[in-house]
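As structure tokens, the structure follows; a few thoughts come after it.
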Amino acid sequence: MSASSYGFPIPSSLLPSDASPEWNNKADNAWQLTAATLVGLQSVPGLVILYGSMVKRKWAVNSAFMALYAFACVLICWVSWAHGMAFGSELLPFVGKPNHALSGKFLLAKSSAGYFPMADFVFYQFAFAAITVVLLAGSLLGRMNFYAWMLFVPLWLTFSYTVGAFSIWGKNGFLQGKIIDYAGGFVIHLSSGIAGFTAAYWVGPRISYDRQNFPPNNIIHVLGGAGFLWMGWTGFNGGATFQVGEIASLAIFNTHLCTATSLLVWLTLDMMVYTKSSVIGAVQGMITGLVCITPGAGLVDSWAAVLMGALSGSIPWYTMMVLHKKSAFFQSVDDTLGVFHTHAVAGVLGGLLSGVFAKPGLLRILYSDDQYGPGLIYSFSKGESVGEGMRQIWYQLVGAGFIIVWNVVVTSLVCVLISHIVDLRMQEEELEVGDDAAHGEEAYALWGDGERMRVPLRLHISPTIPSLCRRRFSIPLTRNEEE
């Protein structure tokens with residue numbers, strides 16, 4: 001099609017071509033690829049750095065590597081079968097048919113989500129799936145057998161994440177069109193928080209000394225990883241509208257406003273109660289703000305985002321800093337980084353508040369119909385039906401309940417299955433050593449100054465999978481013995 005056929009001059013760069021079909025919106029395409037990359041950067045290197053720095057020095061390598069492995073493993077599983085289960089044709093009311101997303105015809109066709117190639121959508125949703133599994137890992141740091149983690153990632157992705165995604169976001173999911181979950185408050189954060197807490201129960205606690213004394217090994221790097229997480233959320237919430245428009249702009253603005261408010265509220269509470277401004281506390285408040293705004297980022301006014309930030313900085317603070325310490329139930333489960341509080345509690349809070357503050361006009365812009373809402377507050381103030389507002393809150397509660405129950409059951413089954421193949425938890429002698437026992441590497445291994453390098457301790461620890469790790473040769477422990 002030529003420029004003259006439009007009846008007015010059009011720059012040649014905007015004309016359709018073989019590389020950019022008429023249905024392809026170059027602006028939407030560019031933004032979707034950018035947003036997907038930003039979400040990916042939240043995991044790699046964001047959470048890799050955050051996890052590797054927030055744990056005790058002896059667990060830095062193992063913690064960072066759990067995140068890196070999960071990111072790579074999820075991509076292979078996603079394009080091989082999991083994307084079809086989450087967004088493909090219906091198999092059951094809560095899951096789609098397993099199908100690969102690898103053919104050129106499929107990837108280069110127009111996405112059903114917007115005016116860009118399907119490849120954009122597949123990659124963006126992969127980044128969502130990957131960060132969900134990586135967030136879950138935060139509950140398990142400092143003791144999970146890495147071989148068990150290698151099995152856990154594909155199994156949990158297949159039987160848990162895809163079900164939540166299809167049920168709420170899929171074309172024929174039984175909760176689709178009912179639950180307000182703009183960018184994954186339930187699908188991503190609630191599921192990772194509940195699954196992480198459940199898996200932590202089955203894996204068991206860290207050794208007692210590590211539970212009592214587990215200082216971050218590099219707080220400056222913690223802030224660096226947190227920065228990747230915060231800035232990457234621009235793509236997390238800004239990309240969920242699948243177009244460059246008003247909703248994307250509002251979602252980005254609300255995301256940062258809510259997060260800043262939450263951080264300051266959490267910090268204020270720390271200073272009032274503990275008389276110290278905690279850096280780790282500020283990071284936790286940042287995370288709860290990001291999580292809380294996610295299900296309603298593009299659907300609430302900015303004044304509501306501020307209120308959500310105030311609540312996300314105070315309610316999860318209370319559950320983590322007060323309730324957790326008083327509750328025997330919470331104390332019995334070793335949730336290393338408090339993922340239950342920062343993601344499950346904040347995720348439920350954000351989902352319910354989205355049902356309260358979702359603005360009818362914004363819902364219509366994004367979804368083009370009246371299937372959602374209105375938010376409860378607007379059912380009173382705008383003359384809408386109060387019954388409809390209450391119905392939306394009920395749907396939000398049902399969605400939260402479904403995600404919680406499904407993740408508790410499936411995560412438990414996955415852990416029990418894996419425990420019959422390999423140990424879920426590392427052996428006690430390995431837990432005393434940490435990274436060197438798990439991987440034969442240390443985060444801060446500086447050699448020289450006359451120090452003799454030792455062969456990694458893992459060489460004289462019984463292999464976890466003997467058939468794969470059988471040693472054929474005797475290796476001396478030190479170079480002196482070799483001489």
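Only this structure's heavy atoms are used, side chains among them; waters, hydrogens and symmetry mates stay out.
- Of all heavy-atom pairs spanning Gly138 and Val339, the tightest one is C-CG2, 3.6 Å.
- A donor-acceptor pair is defined here as one N or O able to donate and one able to accept, closer than 3.5 Å; such a pair exists between the side chain of Asp335 and the backbone of Phe340.
- Of the N and O atoms on the side chains of His341 and Thr319, at least one donor lies less than 3.5 Å from an acceptor on the other residue.
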Decide yes or no on side chain to side chain contact (heavy atoms under 4.5 Å, CB included) for Leu102 and Leu107, but give the supporting numbers first. CA-CA 7 Å; Leu102 293 169; Leu107 293 173; 5.5 Å; no
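- Under a 3.5 Å cut-off, the side chain of Thr162 and the backbone N or O of Ala86 do not form any donor-acceptor pair.
- Rounded to the nearest 0.5 Å, atoms CG (Leu190) and CD1 (Ile194) are 5.5 Å apart.
- Although no hydrogens or angles enter the test, the distance criterion places a donor-acceptor pair under 3.5 Å between the side chain of Trp31 and the main chain of Gly238.
- Not one N or O on the side chain of Tyr161 forms a donor-acceptor pair closer than 3.5 Å with the backbone of Val133.
- Counting heavy atoms from C-beta outward, Trp59 and Leu431 have side chains that approach closer than 4.5 Å.
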Please lay out, stage by stage, how Tyr372 and Tyr395 fare under the test ring-ring contact (aromatic ring centres under 6.0 Å, His included). CA-CA 10 Å; Tyr372 295 96; Tyr395 283 149; 9.2 Å; no
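- Between Phe106 and His83, the ring-plane angle classifies as perpendicular under the 30° and 60° cut-offs.
- The aromatic rings of Trp149 and Phe152 lie parallel to each other, their planes meeting at an angle below 30°, with 60° marking the opposite boundary.
- Shown here are the salt bridge (Lys or Arg N to Asp or Glu O under 4.0 Å) partners of Lys56, two or more places apart in sequence or in another chain: Asp210.
- In terms of heavy atoms, Leu363 sits closest to Pro374 at CD1-CA, 4.3 Å.
- For Val300 against Ala304, the heavy-atom pair with the smallest separation is CB-CB, 4.0 Å.
- Summarising the local packing, NZ of Lys26 is surrounded by more than 12 heavy atoms from other residues, nucleotides or ligands at distances under 6.0 Å.
- Between Leu424 and Asn145 there is no side-chain heavy-atom pair separated by less than 4.5 Å.
- By the 4.5 Å heavy-atom criterion applied to side chains, Ser312 and Val291 are not counted as neighbours.
- We find the CG-CG distance between Leu47 and Leu68 to be 12.0 Å, quoted to the nearest 0.5 Å.
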Would Thr294 and Trp233 satisfy side chain to side chain contact (heavy atoms under 4.5 Å, CB included), going step by step from the backbone distance to the final call? CA-CA 9 Å; Thr294 292; Trp233 229 281; 2.9 Å; yes
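- Shown here is Tyr69, whose OH atom has more than 12 heavy atoms of other residues, nucleotides or ligands within 6.0 Å.
- In this structure, CZ in Phe87 is found 10.0 Å from CZ in Phe166, a value given to the nearest 0.5 Å.
- Note: Leu366 CG to Thr241 OG1 = 5.0 Å, rounded to the nearest 0.5 Å.
- A side-chain N or O of Gln427 and one of Asp423 form a donor-acceptor pair less than 3.5 Å apart.
- With hydrogens and angles left out, the side-chain atoms of His256 and Thr234 include a donor and acceptor closer than 3.5 Å.
- Not a single donor-acceptor pair under 3.5 Å links the side chain of Asn62 to the backbone N or O of His439.
- Although no hydrogens or angles enter the test, the distance criterion places no donor-acceptor pair under 3.5 Å between the side chain of Ser80 and the main chain of Cys77.
- Side-chain contact between Val39 and Gln42: present, with at least one pair of heavy atoms (C-beta onward) separated by less than 4.5 Å.
- Side-chain atoms of Arg425 come within 3.5 Å of backbone atoms of Pro205 as a donor-acceptor pair (strictly under, hydrogens ignored).
- Between the side chain of Tyr182 and the backbone N or O of Leu299, no donor-acceptor pair lies under 3.5 Å.
- Looking at Trp202 and Ser419, their side chains never bring a donor and an acceptor atom within 3.5 Å of each other.
- Across all non-hydrogen atoms, the minimal contact from Ala129 to Leu157 is CB-CD1, 3.9 Å.
- The ring of Trp23 has its center no closer than 6.0 angstrom to the ring center of Phe116.
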Can you check ring-ring contact (aromatic ring centres under 6.0 Å, His included) on Phe236 and Phe128, steps first, answer last? CA-CA 8 Å; Phe236 198 106; Phe128 268 15; 4.5 Å; yes
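- Centroid-to-centroid, the aromatic rings of Phe174 and Phe94 stay 6.0 Å apart or farther.
- Using a cut-off of 4.0 Å between Lys/Arg side-chain N and Asp/Glu carboxylate O, Lys58 and Asp435 are scored as not salt-bridged.
- Atom CZ of Phe253 has 12 or fewer heavy atoms from other residues, nucleotides or ligands within 6.0 Å.
- Taking the centre of each ring, Phe71 and Phe126 come in below the 6.0 Å mark.
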Verify side chain to side chain contact (heavy atoms under 4.5 Å, CB included) between Tyr51 and Met66, making sure each step is shown before the conclusion. CA-CA 9 Å; Tyr51 286 177; Met66 285 178 71; over 6 Å; no
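- Inter-residue side-chain proximity for Leu108 and Met118 is flagged as unmet; no heavy-atom pair is nearer than 4.5 Å.
- Using a 4.5 Å heavy-atom cutoff, the side chains of Leu92 and Val95 are in contact.
- Looking at Asn217 and Tyr444, their side chains come closer than 4.5 Å, going by heavy atoms from C-beta outward.
- Among all heavy-atom pairs drawn from Ala297 and Asn237, the shortest one is CB-ND2, 3.6 Å.
- For the pair Arg206 and Phe214, the cation sits on the ring face: its NZ or CZ lies under 6.0 Å from the ring centre, inside 45° of the axis.
- In summary, the side chains of Asp334 and Tyr201 do not present any donor paired with an acceptor at a separation below 3.5 Å, with no hydrogens or angles considered.
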As a quick check of understanding, evaluate side chain to side chain contact (heavy atoms under 4.5 Å, CB included) for Val279 and Val222, giving each step before the final call. CA-CA 9 Å; Val279 174; Val222 168; 5.6 Å; no
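- With rounding to the nearest 0.5 Å, the separation of OG1 in Thr132 from NE2 in His189 is 7.5 Å.
- Side-chain N or O atoms of Gln176 include none that pairs as donor or acceptor with a backbone N or O of Trp169 at under 3.5 Å.
- Here the CD1-CZ distance, from Ile404 to Phe186, works out to 8.5 Å after rounding to the nearest 0.5 Å.
- The shortest side-chain heavy-atom distance between Val55 and Pro216 does not fall under the 4.5 Å cut-off.
- In summary, the side chains of Ser191 and Asn407 do not present any donor paired with an acceptor at a separation below 3.5 Å, with no hydrogens or angles considered.
- The shortest non-hydrogen separation linking Gln243 to Ala248 is O-CB, 3.7 Å.
- Using a distance-only test at 3.5 Å, with no hydrogens or angles considered, a donor-acceptor pair links the side chain of Ser412 to the main chain of Val408.
- Side-chain atoms of Ser262 and Thr288 include a donor-acceptor pair closer than 3.5 Å.
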